[in-house]
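First up is the structure itself, then whatever we jot down about it.
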There are 2 protein chains.
Amino acid sequence: MTQSPWQPISPAKPVRPAKEPLNRERIVDTALRVMIDQGYEAVSMRKIAQELQTGPASLYAHVANKKELDQLLVDRAAAAMNLPSPPDPERWQEQLKEAMREMLRAMRTMPGVARAAIGAVPLGEAALRTSECLLGILKAGGLPDQAVAWAVDLIPLYVTAVAFEENVQRADQWSPEDLEQFLDGLRSYFASLPADRFPLTMALAGPLTAGAAGDDRFEFGISVITAGLASLAERR
Amino acid sequence: MTQSPWQPISPAKPVRPAKEPLNRERIVDTALRVMIDQGYEAVSMRKIAQELQTGPASLYAHVANKKELDQLLVDRAAAAMNLPSPPDPERWQEQLKEAMREMLRAMRTMPGVARAAIGAVPLGEAALRTSECLLGILKAGGLPDQAVAWAVDLIPLYVTAVAFEENVQRADQWSPEDLEQFLDGLRSYFASLPADRFPLTMALAGPLTAGAAGDDRFEFGISVITAGLASLAERR
DNA sequence: TTCGCGCGTAGAACAGTGTTCGTCAACGAA
DNA sequence: TTCGTTGACGAACACTGTTCTACGCGCGAA
């Protein structure tokens, strides 16, 4: 089928520029960069495509869908964790806490990865490596196998949830002053409650609004979990 | 200003049907209904408006935005929980576990509410009531005030995360067979790993994939948390 | 009774989203 | 040289939350 003669001449020939071909790694790199400096909400297929100077459809040749891209980002975060090893039966509780701190640290450097990780079992290679590490520490602690397995589910669940909660605040661009202002509002809200129905909430308004910014609350959480797991080990 | 005489006859008169006026409660009712039988993802302003035979803009007269609607749904779930009371110092650990089971139960009857609850401090009246209840139980357990306060943060975080994880599966319409198939795939995936790098993952493939369907894993989690909190109380 | 005002209603539009369709250029094999 | 395959990608589809704007009804004031 030849061209119709009256057709307008071919429009300026897009002349595909000799640019680096797309691949999965470049896509994940770009997504990670966008996520780090604009947050998870900004990571859209369109934005990444634009950043790579292409159209959104091009990405689908290398990534099944957005969910898979999310998983790849999670795996990047997991790869960035350097966890304690080898497991030491004498120090397993401290090692466990160190591991949890490291997990939170890695998730903090990539705000938004918690949002991508929550509610989806991470099965990438790097994620499995962290699981393997946790398994080692917990086995060194002398926990029964079933407890070890479930703990490996519980621990990332908690850390991810904490990171996610922090990122919700970060996503709204809260400054420390905003946070303090929010807490002030919260305290006066607690103070305005009906005293007959919420006596404890009112009495504990101070502690309830403490430690929101720093790591104290997280340290409390990992202490509770570690102590709880230790109690299972001791009664073996 | 009279009508121009040449104007076409009044166009069928929209005749606003004598329908019940919109209000916040009807909106939340509808949203809840949609969420229960179609999941959280299906709860959109448009869909709710359509369900109420109106346009999406109408909702904004009664609800500030989607986030606020989410919070109202969460509060409905909180209102549906009937928690143990009064606190009993002799049975505080069992009461705590009962409370957590009840929280999960309520969230299960409203699949999707966990998605709405996660990462946003619930401050509605019903949510405060559950906090107050937890505060009572934990105080009865003899925990220090700061521990009580942080525990009240930790507990809903865990329960919500578990419920959310379950709902991700439910959202994808997984049947029990699908779940079993997924676990089979997981086990064979574990079996195919390089044995030198993932020895523990392979050895514990059984326990790792156990208890995904039932409540055993959740029971383990609440036991760990309760034991951890108890250890803080005992060393007072 | 009539006027005017305000509030609730709601259609249309805006700026996004994930994803798919169909086309087009480039490249290796025949 | 021609063919077939593959990757790239603009356009379009079906959505989303939210806002603008006009419209009509009920209610209080005159």
Side-chain angles (χ1 to χ4, degrees), chain A residues 1-4 7-27 30-31 34-35 38-73 112 115-116 120 171-172, chain B residues 1-3 7 10-28 30-31 34-35 38-73 112 115-116 120 171-172:
Chain A
M1 194 85 68
T2 59
Q3 269 193 315
S4 306
Q7 201 165 355
I9 52 173
S10 81
K13 204 180 193 182
V15 80
R16 194 177 299 243
K19 61 176 164 186
E20 212 171 340
L22 227 46
N23 61 36
R24 179 180 279 222
E25 200 187 332
R26 289 220 306 145
I27 292 174
T30 309
V34 169
M35 189 173 75
Q38 294 182 257
Y40 174 80
E41 306 300 327
V43 179
S44 73
M45 300 302 264
R46 273 181 171 75
K47 181 154 231 154
I48 297 164
Q50 195 181 335
E51 208 84 6
L52 290 164
Q53 305 199 32
T54 179
S58 304
L59 307 179
Y60 286 84
H62 304 95
V63 167
N65 49 34
K66 176 103 198 307
K67 213 184 275 186
E68 184 175 301
L69 179 56
D70 283 351
Q71 287 296 306
L72 291 170
L73 289 172
R115 170 67 181 74
D172 295 346
Chain B
M1 194 83 68
T2 59
Q3 270 193 312
Q7 199 167 357
S10 79
K13 202 180 192 181
V15 80
R16 196 178 296 248
K19 62 176 165 185
E20 215 170 338
L22 228 46
N23 60 39
R24 178 179 279 222
E25 201 188 330
R26 289 220 307 145
I27 291 173
V28 178
T30 309
V34 169
M35 188 173 75
Q38 292 182 257
Y40 174 80
E41 307 300 326
V43 179
S44 72
M45 300 302 265
R46 273 181 171 75
K47 182 154 230 155
I48 297 164
Q50 195 180 334
E51 207 84 6
L52 289 164
Q53 306 198 31
T54 179
S58 304
L59 307 180
Y60 286 84
H62 307 275
V63 168
N65 48 35
K66 176 105 198 307
K67 213 183 274 185
E68 184 176 299
L69 179 56
D70 284 352
Q71 286 297 306
L72 292 170
L73 289 172
R115 171 66 184 74
D172 295 346

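Throughout, protein chains are lettered first and strands after them, A, B, ... in sequence-line order, and every chain is numbered starting at 1. Worth saying up front: this structure is predicted, and the values here are computed from it rather than measured.
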Rounded to whole Å, CD of B:Gln50 lies from P of D:dT16 at a distance of 9 Å
Which pairs with one or both residues in residues 57-66 of chain A pass side-chain hydrogen bond (donor to acceptor under 3.5 Å, both in side chains), sequence neighbours excluded?
A:Tyr40-A:Lys66, A:Thr54-A:Ser58
Minimal heavy-atom distance between B:Val28 and B:Leu73, with the atoms involved, is O-CD2, 4.0 Å
Selection from C:dG18, D:dT18, C:dT19 that lies nearest to any side-chain heavy atom of A:Ser44:
C:dG18
How close or far is atom C1' of C:dG8 from atom CG of B:Leu52, stated in whole angstroms?
14 Å
May I ask you to say what A:Val43 touches in the nucleic acid, namely base, sugar-phosphate or nothing, with a heavy-atom cut-off under 4.0 Å?
sugar-phosphate
Using heavy atoms to find the nearest nucleotide of DNA chain C for A:Ala57 and A:Ala42 separately, return the residue whose nucleotide is more 5′.
A:Ala42
In whole angstrom, give the distance that lies between atom CD of B:Gln38 and atom P of D:dC15.
12 Å
Atom OH of A:Tyr60 to atom P of D:dC9: distance rounded to whole Å?
16 Å
Separation of C:dC7 P from B:Asn23 CG (nearest whole Å)
18 Å
Take atom NZ of A:Lys66 and atom P of D:dT16, then tell me their distance rounded to the nearest Å.
17 Å
With DNA chain C as reference, determine whether B:Ala61 or A:Ala64 sits nearer its 5' end, using the nearest nucleotide of each.
B:Ala61
With hydrogens left out and only the distance checked, is there a donor-acceptor pair under 3.5 Å joining A:Arg46's side chain and the base of C:dG16?
no
Does A:Arg24 pair with A:Glu68 as a salt bridge, N-O distance under 4.0 Å?
yes
For B:Ser58, answer base if it contacts any base atom (sugar-phosphate contacts may also be present), sugar-phosphate if it contacts only those atoms, and nothing otherwise; contact means non-hydrogen atoms under 4.0 Å.
base
Distance in angstrom units between A:His62 NE2 and C:dG18 P, rounded
18 Å
Report yes if a side-chain nitrogen or oxygen of B:Thr54 is closer than 4.0 Å to either non-bridging phosphate oxygen (OP1 or OP2) of C:dT9; otherwise report no.
no
Heavy-atom count around B:Gln50 CD within 6.0 Å, excluding the residue itself: above 12?
no
Please report the shortest heavy-atom distance between A:Ala31 and A:Ile48, naming the atom on each side.
CB-CD1, 3.6 Å
A:Lys47 atom NZ is separated from C:dA15 atom C1', nearest whole Å, by 13 Å
